[in-house]
Visitor: 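First the structure, then my questions, so here it is.
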There are 2 protein chains.
Amino acid sequence: MELAEAKQKFIEAWGKLGSEWGINRTMAQVHALLLISPEALTTEQVMEQLQISRGNANMTLRDLINWGLVEKQHRSGERKEYFFAEKDVWTIARQVAKERKRRELEPVLKLLGQLQEVQGDEQDPEYQTFKTSVTDINKLASNVDKTLETMLKAEENWFFGSIFKLFK
Amino acid sequence: MELAEAKQKFIEAWGKLGSEWGINRTMAQVHALLLISPEALTTEQVMEQLQISRGNANMTLRDLINWGLVEKQHRSGERKEYFFAEKDVWTIARQVAKERKRRELEPVLKLLGQLQEVQGDEQDPEYQTFKTSVTDINKLASNVDKTLETMLKAEENWFFGSIFKLFK
DNA sequence: AATATCTTTCAATAAATATTGAAAGTTTGA
DNA sequence: TCAAACTTTCAATATTTATTGAAAGATATT
């Protein structure tokens, strides 16, 4: 396979995977493009390579920066902004985990905690089943949360630090 | 909080979480409804409780069955079909992991393997960066795949079997 | 074999999401 | 201060995804 074709396929696949996991297709594609670019790219270059509009490119790049996956670069003597993606996959994975934990897991945990306080008749099967399900999900979600917390602090921890090096 | 309100909030939250993770909101809501129902429900009951159409209820329930999260029940003397959700959260998590692995992770792994075979000039930074990124992602994805594989076989394995009981 | 009961399908429609592009905003330097 | 170079915004539009509901398909009952 030629490089040009491989790049194309990689970008498409990354976009598809993103959309299957609730991440905007274009955002995933821009990320893919930057991932495989040795140099930082300008908005113009992203627009051209992916055939997207200026507005879309601008918003998508901003989102990627908010996700902590891309950073702006400035070059002396130039007005244009350049965009560069973090290339270490483990750092990327940690970053994504961190953001999704914060944006999605934590709000759910908060609600589950409240729902566990529901009042009702202990003899009512409706009540019993509700309470059991919510409690069980809360337990699992808390464990996932704690596990992620540990993972995210892995670098600071000799034990997991060494385990996670195996994944690198 | 009253049970009725709590149920409503739970169903909404589950639907929202699902849609953030690429799972149809209605599917997640139907799943939530069945999760907190002590008894199996009919299509009619699902339609009424969630205010959705017959077609939607039918397709959604079929999808949930395909995900291995819900099963049909038949009752003697009745023509209607009843639907019942698996309640053990660890089993649910395993089931979801299994399906997403099969539907999304495995196809991506296959492609990454092919992309690693890309031909090009070893001196070309474009080629180098592409190859490094693809290889690194492939490594991480393979490790995730293997880890999931182990998890999915956990019940058959005394060591992880006992570890995972901690999560229940 | 006709009818009642229940399930499935799928083209049409609606709703949610993503994208465009032109105008407004900002920054730099002549 | 002006204007060129670049970035940002957002209402309008397009695309994608989900939902409806009526008709067709099953299956059991008389």
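Letters A, B, ... are given to chains in the order of the sequence lines, protein chains preceding strands, and every chain is numbered from 1.
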Visitor: Between A:N56 and A:K80, which is nearer to the 5' end of DNA chain D once each is assigned its nearest nucleotide?
Guide: A:K80
Visitor: Just jot down the side-chain hydrogen bond (donor to acceptor under 3.5 Å, both in side chains) partners of A:Q116, sequence neighbours excluded, or say none.
Guide: A:T135, A:N138
Visitor: I need the CZ-P distance between B:R75 and C:dC6, as an integer number of Å.
Guide: 14 Å
Visitor: What integer distance in Å separates A:I52:CD1 from D:dT13:C1'?
Guide: 17 Å
Visitor: Is a donor from one side chain sitting under 3.5 angstrom from an acceptor on the other, for A:E78 and A:Y82?
Guide: yes
Visitor: Looking at B:N58, I'd like to know whether one of its side-chain N or O atoms comes within less than 4.0 Å of OP1 or OP2 on C:dT7.
Guide: no
Visitor: Can you check the B:Q51 CD to D:dA18 P distance for me, whole Å?
Guide: 21 Å
Visitor: Where the side chain of B:K72 is defined as all heavy atoms beyond and including C-beta, which of D:dC10, C:dT8, C:dC10 is the nearest nucleotide?
Guide: C:dT8
Visitor: Keeping to residues at least two apart or across chains, list the salt bridge (charged side-chain N to carboxylate O under 4.0 Å, His left out) pairs with something in residues 31-45 of chain A.
Guide: A:E44-A:R54
Visitor: Testing the basics here: between B:G15 and B:A28, what is the closest heavy-atom pair and its distance to 0.1 Å?
Guide: CA-CB, 3.8 Å
Visitor: Who are the salt bridge (charged side-chain N to carboxylate O under 4.0 Å, His left out) partners of B:E48, not counting sequence neighbours?
Guide: none
Visitor: Using whole Å, report how far CE of A:M47 lies from C1' of C:dA18.
Guide: 16 Å
Visitor: For nucleotides 22-30 of chain D, tabulate all protein N/O to nucleotide N/O atom pairs closer than 3.5 Å, reporting atom names and distance.
Guide:
residue: D:dT27; atom: O2; partner: B:R79; partner atom: NH2; Å: 2.7

Visitor: Quick one: list whatever passes salt bridge (charged side-chain N to carboxylate O under 4.0 Å, His left out) with A:K131, sequence neighbours left out.
Guide: none
Visitor: For A:K9, enumerate each residue passing the salt bridge (charged side-chain N to carboxylate O under 4.0 Å, His left out) test, keeping only those at least two apart in sequence or located in another chain.
Guide: A:E5
Visitor: What is the distance, to the nearest angstrom, from the CG atom on B:L61 to the P atom on C:dT8?
Guide: 9 Å
Visitor: For DNA chain C, find the residues of residues 14-45 of chain A with a heavy-atom distance under 4.0 Å and give them by number; none if there aren't any.
Guide: A:N24, A:T26
Visitor: Does B:N56 have any side-chain hydrogen bond (donor to acceptor under 3.5 Å, both in side chains) partners at least two apart in sequence or in another chain, and if so, which?
Guide: B:T60
Visitor: Can you list everything that forms a salt bridge (charged side-chain N to carboxylate O under 4.0 Å, His left out) with B:R25? Sequence neighbours excluded, please.
Guide: none
